[in-house]
2 protein chains.
Amino acid sequence: MATDELLHRALELLGDDPLSVEAIQRVTDPGALAESMTIAEVAELLDVSAHTLRYYERAGLVEVSRDALGHRVYDPAAVRRLVFLTRMRLSGMPMRDLQHYIALADAGDDTVPERLDMLIEHRDTLRRRIRELTLSLAATEFKIATYGGRAAPDAVDAESSE
Amino acid sequence: MATDELLHRALELLGDDPLSVEAIQRVTDPGALAESMTIAEVAELLDVSAHTLRYYERAGLVEVSRDALGHRVYDPAAVRRLVFLTRMRLSGMPMRDLQHYIALADAGDDTVPERLDMLIEHRDTLRRRIRELTLSLAATEFKIATYGGRAAPDAVDAESSE
DNA sequence: CTACGGGTTCGAGCGCGCTCGAACGCAAAC
DNA sequence: GTTTGCGTTCGAGCGCGCTCGAACCCGTAG
């Protein structure tokens, strides 16, 4: 099916980078979550600070219950949501949009089309951004080549001599 | 030579997107700059505000001379530098680093190795970032597929039902 | 008993990169 | 001669996403 193809394509693009493999596992292996987690555990898992997790909660992005001591208890649903949220943040989706998205998600299935629209827009944003960065990468490599290789002295002026 | 290969690769990746073609031209066709430009012209060319150009000047990133009226006159060297600077900014290099880089550039050829180091580090940062975004793109496409296609209802739980 | 480690709430502060407003200058158009 | 338009300087303000400090609570180890 199409989704397998997508993941396969992603894996192709990512190669064997261990960090990426770990990250892909977070996509493909969501069942491996502990029954419940402390804030420190979640922070470690997602590579964010406990401060940030509390901030996300304050921002209304996720609800977290407390134990008898008043300490946060992250259930698997909360953790999965935070996995999603941190990925979206990492890829540049603004807090505002995430707050909107989460409000929609909490409003029920009727909002699926609008959520889909948001995801599609984000997908397009990501594609544009990747193109931009790819272009900048090419320009940077070009500059490194003219600088380091000294292979094309007549091309050095391509962007002046900074 | 190697630099041609890099640009060729970039063009392959970019396809026929008009915006990208325009951008590539900014890399490959630096000779087409007017003798001197006003702040409004440069702002338009680089798609930034005049405010931002003045800000960059204040930040020490570029020196710009004035005409008899005190208005800024951007000569080709300044424009080329700003092309470079805006591309670096667009690709996420912090102002701090650009200030350092420019200080090195202004200090003469002895600083070429350090500038090269900075470019190489930036290149690596870009590669990592592109990988991250590619991963997020795959995850987003995956989610769109499970949402929109309804093709894999048993996979919907991959990231809960946000 | 006390110290320590990890949690809590609250509000304030920060670093970044602009972005804007106020007050002004000059020149060409009406 | 005044209005319009584009420019100038200066310093303040803003939006974003955290990040931090203070004061406090609790359970366990030494």
Side-chain angles (χ1 to χ4, degrees), chain A residues 34 36-75 78-79 81-82 84-102 122 125 129 132-133 136, chain B residues 34 36-75 78-79 81-82 84-102 122 125 129 132-133 136:
Chain A
S36 71
M37 301 176 74
T38 68
I39 194 167
E41 289 164 350
V42 177
E44 157 111 54
L45 175 69
L46 301 180
D47 197 29
V48 299
S49 71
H51 284 304
T52 298
L53 291 177
R54 295 191 197 99
Y55 168 70
Y56 286 173
E57 186 179 349
R58 269 192 282 177
L61 293 182
V62 62
E63 282 185 21
V64 185
S65 54
R66 309 298 150 111
D67 65 11
L69 294 153
H71 290 193
R72 286 171 177 78
V73 176
Y74 290 85
D75 60 29
V79 175
R81 175 169 281 195
L82 284 167
F84 170 73
L85 290 169
T86 50
R87 192 189 341 275
M88 293 311 248
R89 282 295 306 120
L90 195 63
S91 61
M93 183 176 280
M95 289 294 288
R96 243 185 343 284
D97 292 2
L98 284 174
Q99 287 169 328
H100 185 204
Y101 188 94
I102 288 302
H122 186 59
T125 300
R129 188 68 184 134
E132 273 178 9
L133 291 185
S136 291
Chain B
S36 71
M37 301 176 74
T38 67
I39 193 168
E41 288 165 351
V42 177
E44 156 111 52
L45 175 70
L46 300 180
D47 197 29
V48 299
S49 72
H51 283 304
T52 299
L53 291 176
R54 295 190 197 101
Y55 167 70
Y56 287 174
E57 186 179 348
R58 267 192 284 177
L61 293 182
V62 62
E63 282 186 21
V64 186
S65 54
R66 309 298 150 111
D67 64 13
L69 294 155
H71 290 194
R72 285 169 177 80
V73 176
Y74 290 85
D75 62 27
V79 174
R81 176 169 280 196
L82 283 167
F84 170 73
L85 290 169
T86 50
R87 193 191 338 277
M88 293 311 248
R89 283 294 306 120
L90 195 64
S91 61
M93 183 175 280
M95 289 293 290
R96 242 185 345 285
D97 291 2
L98 284 174
Q99 288 169 329
H100 184 205
Y101 188 94
I102 289 302
H122 186 60
T125 300
R129 188 67 185 136
E132 272 178 8
L133 291 186
S136 292

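Chain letters run A, B, ... following the sequence lines, proteins first and then strands; every chain starts at 1.
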| DNA chain D: 5'-proximal contact among H51(A) and M95(A) (nearest heavy atom) | M95(A)
| request: Pick base, sugar-phosphate or nothing for R66(A), based on heavy-atom distances below 4.0 Å to the nucleic acid. | output: sugar-phosphate
| remark: Rounded to whole Å, the NE2-P distance (H71(A) to dT28(D)) equals 11 Å
| message | What is the separation between atom CG on L53(B) and atom P on dT8(D), rounded to the nearest whole Å? | response | 10 Å
| request: Describe the nucleic acid contact of A50(A) in one word from base, sugar-phosphate, nothing, applying a heavy-atom distance below 4.0 Å. | output: nothing
| d(CZ, R58(B); C1', dT8(D)) in whole Å | 12 Å
| note | To the nearest 0.5 Å, atom CE of M93(B) lies from atom OH of Y101(B) at 8.0 Å
| query | S91(B) and L133(A): which non-hydrogen atoms are nearest, and at how many Å? | reply | CA-CD2, 3.8 Å
| task | Verify the neighbour count for atom CD of E63(A): are there more than 12 heavy atoms of other residues, nucleotides or ligands below 6.0 Å? | result | no
| request: For the pair E132(B) and R129(B), find out whether any cationic side-chain nitrogen is under 4.0 Å from an anionic carboxylate oxygen. | output: yes
| Separation of dC26(D) P from D67(A) CG (nearest whole Å) | 12 Å
| request: Under 4.0 Å between any heavy atoms, over every strand shown, what does A59(A) touch: base, sugar-phosphate, or nothing? Just pick one. | output: nothing
| query | Who pairs with R96(B) by side chain to side chain contact (heavy atoms under 4.5 Å, CB included), at least two apart in sequence or on another chain? | reply | P94(B)
| message | If I take atom CZ in residue R72(B) and atom C1' in nucleotide dG7(D), what distance separates them, rounded to the nearest angstrom? | response | 9 Å
| Just by modelled atom types, is the A59(A) backbone N or O under 3.5 Å from a matching donor or acceptor in the Q99(A) side chain? | yes
| said: For a 4.0 angstrom threshold against heavy atoms of chain B, report the outermost contacting nucleotides of DNA chain C in 5' to 3' order. | reply: dC16(C) to dA27(C)
